[in-house]
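Written below as structure tokens is the structure these notes are about.
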There are 2 protein chains.
Amino acid sequence: MKLSNKTDYAMRALFTLVEHYGRGPIPIPELARRNEVPKPFLEHIMLEMKKQGWVRSTVGKNGGYSLAKSPDQITMGEVVRHFDGILAPIACVSASHYEPCSQRPVCRFRRVFLEIRNQVTRQMDRASLAAVFTAALTQRQDMSIDEYAEDGEV
Amino acid sequence: MKLSNKTDYAMRALFTLVEHYGRGPIPIPELARRNEVPKPFLEHIMLEMKKQGWVRSTVGKNGGYSLAKSPDQITMGEVVRHFDGILAPIACVSASHYEPCSQRPVCRFRRVFLEIRNQVTRQMDRASLAAVFTAALTQRQDMSIDEYAEDGEV
DNA sequence: TAATATCCGACTATATTGGTCGGCTTTTAG
DNA sequence: CTAAAAGCCGACCAATATAGTCGGATATTA
């Protein structure tokens, strides 16, 4: 159920770019340093994101990466889907990576995963970089898991 | 984000045992056939589940596996956690597999994953085999993803 | 005692993850 | 004009996880 480092790294870099949005490019060495991502690995990640149209690059001295779209036009769902391929817990309930399952007529638990998939995708697709970023500004960053768990829905 | 075949297979076998609860053991060849799971692989899976105390076995002719607990005392959450290790999308929001992350004070997106983790674990831990099984009896099994998506919460 | 079970360790094949490395091209400051 | 700094990009690699197979030992019963 875990997402890859790649997705994590991509997201870190993206939010750094969000923070700097409208103020010129940031070079990879800087992005790598700030987010503790291995530089050569981040190169590939940024390149993929460029191909997706999320970031743009300027080469040469003083170059680097910046967002290619407004932060409210990129969602975490898109990013995770691109790098991890699937948001659903099991392929028979995935829209993007659907695979038929011969057990379907007799499967008892498919419904549970279907509900989970729906909740996860709803959250992820709602989570634009802009929304997440501004929400983070008004929240404590050090909240513990248990603390939050009693917190109810948000 | 996807769960392993192992978990899938384990769940298939479990629900077969639920269906047969109180009516004696089912041998692995039968469990394997009914659920389209490779028999030698299923052996290992059943053995693991036995160690977890979910099923019990009787060896020798006419032997096989049966549930060791009432179906309302086993949850899908337990099963997935055992075989896949983690329910959370990222270790920094996992209760069972928590790992500190140096980026935490500046991480903008942790909150989103925390919310998702909470929803997923809530659903999974609520989903006892008994509840899921009886719910499945009253539901259409062939519902498409899109159909369900418009369905609202359940 | 033969048939049918579970039990269990050892083995393997393949895919994915998580990178590194080297060299090329592009741009610009001096 | 040239050196530094940046992105571009394909090839490669090591470690781990996944998804099993196989062979044989042991237990039970018709």
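In what follows, chains carry the letters A, B, and so on, assigned in the order in which the sequence lines appear, proteins first and then strands, with residues in each chain numbered from 1. Because only heavy atoms are used, hydrogens play no part in the values below, and waters and symmetry mates are left out as well, while side chains stay in.
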Quick one, which residues of residues 59-69 of chain B touch DNA chain D with a heavy atom under 4.0 Å?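 Heavy-atom cutoff 4.0 Å gives B:Val59, B:Gly60, B:Lys61, B:Asn62.
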Mind checking if B:Pro25 touches a base, just sugar-phosphate, or nothing, with heavy atoms under 4.0 Å?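 No contact.
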Nucleotide-resolved protein contact map, nucleotides 11-23 of chain D, B/S/- at heavy-atom distance under 4.0 Å: B-------SBBB-
Counterpart residues, side-chain hydrogen bond (donor to acceptor under 3.5 Å, both in side chains), relative to A:Thr134 (two or more places apart):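 Listed in chain order: nothing, the list is empty.
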What pairs with B:Lys61 under side-chain hydrogen bond (donor to acceptor under 3.5 Å, both in side chains), at least two apart in sequence or on another chain?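 Applying side-chain hydrogen bond (donor to acceptor under 3.5 Å, both in side chains) to B:Lys61 gives none.
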Rounded interatomic separation in angstrom, taking [atom1] from [X] and [atom2] from [N]:
| X | N | atom1 | atom2 | result |
| --- | --- | --- | --- | --- |
| A:Arg56 | D:dC8 | CZ | C1' | 18 Å |
| A:Lys2 | C:dT17 | NZ | C1' | 11 Å |
| A:Asp8 | C:dG19 | CG | C1' | 15 Å |
| A:Glu36 | C:dG18 | CD | P | 16 Å |

Identify the heavy atoms of B:Glu36 and B:Tyr9 that sit nearest to each other, and give their distance.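 Nearest heavy atoms, B:Glu36 then B:Tyr9: O-CE2, 4.5 Å.
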Any side-chain donor-acceptor pair under 3.5 Å between B:Ser128 and B:Gln73?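 No, no side-chain donor-acceptor pair sits under 3.5 Å.
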Pairs under 3.5 angstrom only: tabulate donor-acceptor contacts from the side chains of residues 78-93 of chain A to other protein residues two or more places apart or in another chain.
from, atom 1, to, atom 2, distance (Å)
A:Glu78, OE2, A:Thr75, N, 2.9
A:Glu78, OE2, A:Thr75, OG1, 3.4
A:Arg81, NH1, A:Asp125, OD1, 3.0
A:Arg81, NH2, A:Asp125, OD2, 3.1
A:His82, ND1, A:Gln52, NE2, 3.4
A:His82, NE2, A:Glu48, OE1, 2.9
A:Asp84, OD1, A:Ser4, N, 3.4
A:Asp84, OD1, A:Ser4, OG, 2.6
A:Asp84, OD1, A:Thr7, OG1, 2.9
A:Asp84, OD2, A:Ser4, N, 3.0

B:Ser57 side-chain N/O to C:dC7 phosphate OP1/OP2 under 4.0 Å: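 Affirmative; the distance criterion is met.
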Less than 4.5 Å apart, side chain to side chain, heavy atoms only: is that true for A:Lys50 and A:Arg56?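 Side-chain contact under 4.5 Å: no.
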Would you call B:Arg117 and B:Thr121 a side-chain contact if the rule is heavy atoms closer than 4.5 Å?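 Contact flag for B:Arg117/B:Thr121 side chains = yes.
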Quick one: side chains of residues 13-33 of chain A, donor-acceptor pairs under 3.5 Å with protein atoms, not counting sequence neighbours, listed by atom name and distance.
from, atom 1, to, atom 2, distance (Å)
A:Thr16, OG1, A:Arg12, O, 3.0
A:Thr16, OG1, A:Asn35, OD1, 3.2
A:Thr16, OG1, A:Asn35, ND2, 3.0
A:Glu19, OE2, B:Arg108, NH2, 3.2
A:His20, ND1, A:Arg23, O, 3.3
A:His20, ND1, A:Gly24, O, 3.2
A:Arg23, NH2, A:Glu19, O, 3.0
A:Glu30, OE1, A:Arg33, NH2, 3.2
A:Glu30, OE2, A:Arg33, NH2, 3.2

